Asks: 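Structure in structure tokens, see below.
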Amino acid sequence: MKYTFIIYISIALFTLCSLKSQNAESQISDTTFVNLTDFSKDFVLDMKYATTDNFLKAKVYDCASCYLRLKTINNLISANKEFQKKGFKIKLFDCYRPLDVQKKMWTIVSDPNYVANPSKGSIHNRGGAIDITLVDKDGLELDMGTVFDFFGPESSHLNKKLSKKVLKNRKLLKKIMLKNNFESLDSEWWHYTLVGSKKDKLSNFTWKCD
């Protein structure tokens with residue numbers, strides 16, 4: 001009888017803890033900034049602006065983390081699950097970008113053709129934009145015709161003077177992203193924004209590096 005009572009108590013405590021955890025998650029607003037890796041480990045991160053391997057040739061993030069608003073992450077995870085069924089997964093180059101970082105970028109390259117003016121801000125500053133590509137099961141990037149942040153006509157979705165392989169890969173990326181509530185940018189094959197995220201406020205939220 002004593003052991004039965006202990007088992008009942010253990011089950012009750014476990015159930016209570018589970019309910020508390022579920023309630024805590026449900027209380028998170030979908031506009032809250034959260035770390036992608038806290039919700040999924042099924043992405044590849046190559047945060048270019050946390051390195052000098054970018055068109056700025058400068059490191060503007062203190063560390064390589066991908067923060068986004070929760071609603072953006074939920075849709076992103078949904079898209080990634082579809083890609084995984086086809087043998088691919090999403091690789092991220094950039095996620096949410098604090099407004100102070102936008103100012104750093106503008107100081108380095110003050111050209112609206114390449115960097116959004118911080119006075120107006122970017123959807124990256126709103127937590128609704130991502131820069132991505134796809135990798136295969138071996139972690140190799142699919143051929144998209146250009147590297148990330150190549151600013152030329154070859155990067156445009158409207159450019160059809162590309163190989164069939166490149167057009168097929170871009171079509172796959174775009175089709176599934178649009179299906180999962182994202183919008184594409186004609187001039188940049190890698191850039192996607194969550195539908196409606198333009199209405200979110202600019203943010204200067206920053207995260208602590210481990």
Side-chain angles (χ1 to χ4, degrees), residues 25 28 30-55 59-97 101 122-124 126-150 154-157 159 162-197 207 209-210:
E25 289 184 8
I28 298 176
D30 66 356
T31 59
T32 301
F33 284 101
V34 293
N35 192 336
L36 174 62
T37 56
D38 288 339
F39 290 80
S40 176
K41 307 294 184 183
D42 294 327
F43 293 84
V44 177
L45 268 61
D46 183 12
M47 308 303 288
K48 291 297 188 181
Y49 298 117
T51 72
T52 57
D53 182 23
N54 57 66
F55 81 101
K59 177 181 176 180
V60 292
Y61 288 121
D62 292 332
C63 56
S65 296
C66 176
Y67 277 79
L68 292 162
R69 294 190 190 273
L70 180 58
K71 59 182 179 179
T72 309
I73 282 181
N74 286 337
N75 284 274
L76 188 61
I77 290 174
S78 179
N80 200 38
K81 287 179 179 178
E82 289 199 46
F83 287 124
Q84 286 180 293
K85 290 177 182 177
K86 296 179 180 294
F88 308 108
K89 64 173 58 175
I90 293 174
K91 182 175 187 176
L92 293 128
F93 297 123
D94 197 20
C95 300
Y96 159 69
R97 185 186 306 156
V101 172
S122 159
I123 301 181
H124 278 291
R126 292 174 164 84
I130 47 172
D131 294 330
I132 63 174
T133 191
L134 295 174
V135 296
D136 62 19
K137 61 180 180 180
D138 297 316
L140 299 175
E141 292 183 19
L142 272 61
D143 186 0
M144 295 294 181
T146 75
V147 295
F148 163 64
D149 264 2
F150 177 84
E154 295 85 356
S155 295
S156 175
H157 282 289
N159 189 337
L162 301 165
S163 71
K164 290 183 178 179
K165 183 179 181 181
V166 168
L167 292 175
K168 181 181 178 182
N169 291 340
R170 290 189 184 184
K171 183 179 179 180
L172 171 65
L173 178 62
K174 186 175 180 179
K175 180 181 179 180
I176 292 181
M177 292 304 290
L178 265 59
K179 182 181 175 183
N180 285 276
N181 208 31
F182 287 91
E183 298 174 318
S184 62
L185 179 64
D186 286 344
S187 60
E188 300 176 1
W189 61 260
W190 56 83
H191 183 90
Y192 286 88
T193 62
L194 185 69
V195 172
S197 57
W207 58 89
C209 296
D210 294 330

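Treat the numbers as computed from the prediction; the structure is a model and nothing was measured.
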Asks: Using atom types as modelled and distance alone, determine if a side-chain donor or acceptor of S155 lies under 3.5 Å from a backbone N or O of F150.
Replies: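 Checked: pair present.
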Asks: Please give me the minimum heavy-atom distance between Y67 and Y96, naming the atom from each residue.
Replies: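 Closest pair (atom of Y67, atom of Y96, distance): O-CB, 2.7 Å.
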Asks: Between the side chains of S156 and W189, does any donor sit under 3.5 Å from an acceptor?
Replies: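 Checked: S156/W189 side chains show no N/O donor-acceptor pair below 3.5 Å.
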Asks: For I130 and F182, which heavy atoms make the closest approach, and how far apart are they?
Replies: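 Nearest pair, atom of I130 first, then F182: CD1-CE2, 4.0 Å.
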Asks: Could you tell me whether the side chain of R126 reaches within less than 4.5 Å of the side chain of T193, counting heavy atoms only?
Replies: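 No; the side chains remain at least 4.5 Å from each other.
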Asks: Do the non-hydrogen side-chain atoms of F43 and T37 ever get within less than 4.5 Å of each other?
Replies: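 No. Closest side-chain heavy atoms not under 4.5 Å.
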Asks: Mark yes or no for whether T72, through its side chain, and G127, through its backbone, hold a donor-acceptor pair below 3.5 Å.
Replies: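 Judged by distance alone, yes, a pair lies under 3.5 Å.
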Asks: Would you please name every residue forming a ring-ring contact (aromatic ring centres under 6.0 Å, His included) with F93, sequence neighbours left out?
Replies: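 Residues passing ring-ring contact (aromatic ring centres under 6.0 Å, His included) with F93: F148.
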Asks: Nearest heavy-atom pair of N159 and E154: which atoms, and what distance?
Replies: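 Result for this residue pair: ND2-CA, 3.6 Å.
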Asks: Begin with the C-alpha distance, continue with both residues' side-chain angles, and end with the deciding distance and a verdict on side chain to side chain contact (heavy atoms under 4.5 Å, CB included) for D42 and K81.
Replies: CA-CA 9 Å; D42 294 327; K81 287 179 179 178; over 6 Å; no
Asks: Is any side-chain heavy atom of L194 closer than 4.5 Å to one of R69?
Replies: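 The answer is no; the side chains never approach within 4.5 Å.
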Asks: Which atom pair, heavy atoms only, marks the closest approach of L76 to M177?
Replies: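 Looking at all heavy atoms of both residues, the closest pair is CD1-CE, 4.2 Å.
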Asks: For the rings on H191 and H124, is their centre-to-centre separation under 6.0 Å?
Replies: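 Aromatic pair counts; centres sit under 6.0 Å.
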Asks: Return each pair, listed once, that meets salt bridge (charged side-chain N to carboxylate O under 4.0 Å, His left out) where at least one residue sits in residues 162-180; pairs must be two or more places apart or across chains.
Replies: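 As it turns out, the salt bridge (charged side-chain N to carboxylate O under 4.0 Å, His left out) pairs with a partner in residues 162-180, which skip direct neighbours, are E82-K179.
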Asks: State, with a plain yes or no, whether a side-chain heavy atom of N80 is found less than 4.5 Å away from one of F88.
Replies: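 No, side chains not in contact.
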Asks: Do the side-chain N and O atoms of T51 and D53 include a donor-acceptor pair separated by under 3.5 angstrom?
Replies: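 No, D53 and T51 have no side-chain donor paired with an acceptor closer than 3.5 Å.
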Asks: Which atom pair, heavy atoms only, marks the closest approach of L45 to L36?
Replies: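 Here L45 and L36 meet closest at CD1-CD2, 4.3 Å.
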Asks: A side-chain contact here means heavy atoms from C-beta on lying under 4.5 Å apart; do I90 and V44 qualify?
Replies: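 Of all side-chain heavy-atom pairs linking V44 with I90, none is under 4.5 Å.
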Asks: Just grab all the salt bridge (charged side-chain N to carboxylate O under 4.0 Å, His left out) pairs involving residues 131-149, residues at least two apart or on different chains.
Replies: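 Sorted result for residues 131-149: K91-E141.
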Asks: As a quick check of understanding, evaluate side chain to side chain contact (heavy atoms under 4.5 Å, CB included) for W190 and T133, giving each step before the final call.
Replies: CA-CA 6 Å; W190 56 83; T133 191; 6.0 Å; no
Asks: Could you check whether any side-chain N or O of N54 sits under 3.5 Å from a backbone N or O of K48, counting only pairs where one atom can act as donor and the other as acceptor?
Replies: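 Yes, the answer is positive, given that a donor and an acceptor are paired below the 3.5 Å cut-off.
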Asks: State, yes or no, whether a side-chain contact exists between Y49 and V101 at a heavy-atom distance under 4.5 Å.
Replies: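 No - every pair of side-chain heavy atoms lies 4.5 Å or more apart.
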Asks: Go through N181 and K71 one step at a time and tell me if the side chain to side chain contact (heavy atoms under 4.5 Å, CB included) criterion holds.
Replies: CA-CA 10 Å; N181 208 31; K71 59 182 179 179; over 6 Å; no
Asks: So do T31 and L70 actually touch side chain to side chain, heavy atoms under 4.5 Å?
Replies: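 L70 vs T31: side chains apart.
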Asks: For I176 and A79, which heavy atoms make the closest approach, and how far apart are they?
Replies: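 Taking I176 first and A79 second, the nearest heavy atoms are CG2-O, 3.8 Å.
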